[in-house]
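Written below as C-alpha cells is the structure these notes are about.
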Number of protein chains: 2
Amino acid sequence: MVKRPADPTNASAPTARHVPMRDFSRSLPMSLLRAREAVMRQFRPALREHGLTEQQWRILRALAAIEAAEVTELARTAFLLGPSLSRILRDLEARNLIERKTAKADQRRSMVSISKEGVKLMASVAPSSEAIYAEITQRFGARKLVELQEMLGELELCLASTEAREEITDDA
Amino acid sequence: MVKRPADPTNASAPTARHVPMRDFSRSLPMSLLRAREAVMRQFRPALREHGLTEQQWRILRALAAIEAAEVTELARTAFLLGPSLSRILRDLEARNLIERKTAKADQRRSMVSISKEGVKLMASVAPSSEAIYAEITQRFGARKLVELQEMLGELELCLASTEAREEITDDA
DNA sequence: CGCATTCACTTAACATGTTAAGTATTTCCG
DNA sequence: CGGAAATACTTAACATGTTAAGTGAATGCG
C-alpha cells in the first residue's frame with residue numbers, strides 16, 4: 001500500500017519491503033486455502049447442526065463407502081494423519097457411530113466399521129450435503145468444476161514424487 | 001434416493017453402502033485439501049529449518065508487504081482468524097520478530113509491524129521459498145498455474161455472497 | 001528358539017482452526 | 001453528560017494438524 005522509495009535512514013519508520021517476494025495474496029497455497037475455505041463455509045453449518053465436524057464427516061463417508069477398513073487404510077482414504085484419526089475414532093466410538101474389533105490374524109490391526117447409528121446419522125446429513133454440493137456445482141458450472149478438479153489432481157500428481165529424496169539431497 | 005431395497009436383517013454384517021453419495025475421494029473439498037497439502041509439503045521443511053510455521057510465515061510476509069497494520073487488517077491479509085492471530089502475534093512478539101504499539105487515536109487498536117530481526121529472518125528464508133515456488137511453477141507449468149489460480153479465484157468469488165443470509169434462512 | 005527390526009497403532013506435546021464469551025474502549029444518541 | 005450498543009481485540013474451550021516418542025504385536029534371521 002505504501003510505495004515509498006528506499007529509505008536508508010529507517011530508524012523511526014517501521015521496516016518493510018526489504019525482502020521482495022511475489023505478491024503475497026496470489027501465492028498458490030493462499031489461493032488453495034481461500035478456495036477451500038469458501039467451499040467449506042458452505043458445508044460447516046449443516047454438519048454442525050448434526051454435531052459433526054468436517055473430519056468426522058469425512059471418516060463416516062469413507063466408512064460408508066468401504067464396509068470396513070483398517071485404521072491405516074482409513075487414514076489414507078479420509079486423508080487424515082494417524083494421530084488425528086486415533087483421537088477422532090475414539091470419540092466416534094464413544095458416540096456409538098462406529099465399531100471396531102481387533103483383527104484375529106494380526107492383533108496389531110483393528111478393523112473399523114460404521115455402526116447402525118452411524119448410518120442413520122449419515123442418512124440424515126447426506127441430503128443437505130448433496131444439496132449444497134449441487135448448488136456449488138450450479139454456481140460455478142459443472143464443466144468448469146470438472147476442469148478444476150482435473151487441474152488439482154495434476155498438481156498433486158506432479159508434486160507427489162518429491163517427498164522421498166529428502167534423505168538424499170539433505171547435504172546441508 | 002436409496003437404491004438398496006430395505007434389509008430388515010442387517011445384524012451380522014457390518015452395515016455399509018447404505019447412503020449413496022458422490023465418490024468420496026472426488027469431492028471438491030477433498031481435491032482442494034489434497035492439492036494444498038501437496039504444495040505445502042514442499043515448503044514446510046524449509047520453514048521448519050528456520051523455526052517458522054506456515055502461519056507465522058504468512059504473517060511475516062504480510063507485514064513485510066504493508067509496513068504496519070492493525071490486527072484486524074492483518075487477519076484479513078494473512079487469512080487467519082482473530083484468535084489464531086492473537087496467539088501467534090504474542091509468540092512472534094516474544095521472539096522479537098514483530099513490534100506492536102497501541103494506536104494513539106484509538107486505544108483499542110494496536111499497530112503491528114515487522115522488526116529488524118523479523119526482516120532479517122525473512123531475508124534468510126525468502127530465497128529457498130522462492131526457489132521452491134519456482135520449481136513448482138516449472139513442474140506444473142507457468143501458464144497452467146495462472147489458469148488454476150484464476151479458477152480458484154472465481155470459485156471463491158462465486159461462493160462469497162452466500163454467507164450473510166444464514167440469519168434469514170435459519171427458520172429451523 | 002531368541003532377539004533385533006519392522007509394523008500398526010496410540011500418546012504426548014505443541015500450534016492452529018473454530019466458536020463463544022470476555023474486556024476495554026469508543027461511538028451513538030437521548 | 002451518560003448509558004446502551006458497537007468495535008477491536010483477547011481468552012477460553014474444544015477439535016484437529018503436525019511431529020516425535022511410546023507400546024505391543026508380528027517378522028526376519030542367525
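Note that the structure is predicted; figures quoted are calculated from it, not measured. Naming convention: chains lettered A, B, ... in sequence-line order (proteins, then strands); numbering from 1 in each chain.
Side-chain N/O atoms of R87(A) and base N/O atoms of dG17(D) include a donor-acceptor pair closer than 3.5 Å. Side-chain atoms of R108(B) stay outside donor-acceptor range of the base of dC9(D), with no qualifying N/O pair under 3.5 Å.
Taking atom CE of residue M40(B) and atom C1' of nucleotide dG17(D), one finds them 12 Å apart after rounding to whole Å. Atom CZ in R34(A) sits roughly 14 Å away from atom P in dG17(C) (whole-Å rounding). If you measure from atom CZ of R58(A) to atom P of dG17(C), you get 15 Å, rounded to the nearest angstrom. Look at CG on L52(B): it is 15 Å from C1' on dT16(C), rounded to the nearest Å. Atom CD of Q56(B) and atom C1' of dA15(C) are 8 Å apart (whole Å). Per the geometry, CG belonging to D91(B) stands 11 Å off C1' belonging to dT16(C), to the nearest Å. Atom C1' of nucleotide dA6(D) and atom CD of Q107(B) are separated by 18 Å, given to the nearest angstrom. dC9(D) atom P lies 12 Å from atom CZ of R76(B), rounded to whole Å.
Ranked by how close their nearest DNA chain D nucleotide is to the 5' end, R100(B) and F79(A) are led by R100(B). Each of S84(B) and P83(A) lies near DNA chain C, and the nucleotide nearest P83(A) is the one positioned closer to the 5' end.
Ion pair E37(A)/R44(A) flagged as a salt bridge, since at least one NZ, NE, NH1 or NH2 atom sits closer than 4.0 Å to an Asp/Glu carboxylate oxygen. The pair R143(B)-E147(B) does not count as a salt bridge, with every side-chain nitrogen at least 4.0 angstrom from each carboxylate oxygen. Salt-bridge check for E154(A) with K144(B): passed, with a basic side-chain N closer than 4.0 Å to an acidic carboxylate O.
Of the candidate nucleotides dT16(C), dA20(D), dC9(D), dT16(C) has the atom nearest to the side chain of T53(B). When each of dT10(D), dT19(C), dA8(D) is scored by its nearest atom to the side-chain atoms of T72(B), the top-ranked nucleotide is dA8(D).
Here R90(B) lies out of heavy-atom contact (under 4.0 Å) with every strand. Note on I88(A): only backbone sugar-phosphate atoms sit closer than 4.0 angstrom, heavy atoms only; bases stay farther off.
No side-chain heavy atom of M151(A) sits less than 4.5 Å from a side-chain heavy atom of E156(A).
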Exercise. With side-chain hydrogen bond (donor to acceptor under 3.5 Å, both in side chains) as the test, would you mind laying out the steps for S31(B) and Q149(A) before giving the verdict?
Key: CA-CA 6 Å; S31(B) 296; Q149(A) 288 184 283; 3.2 Å; yes
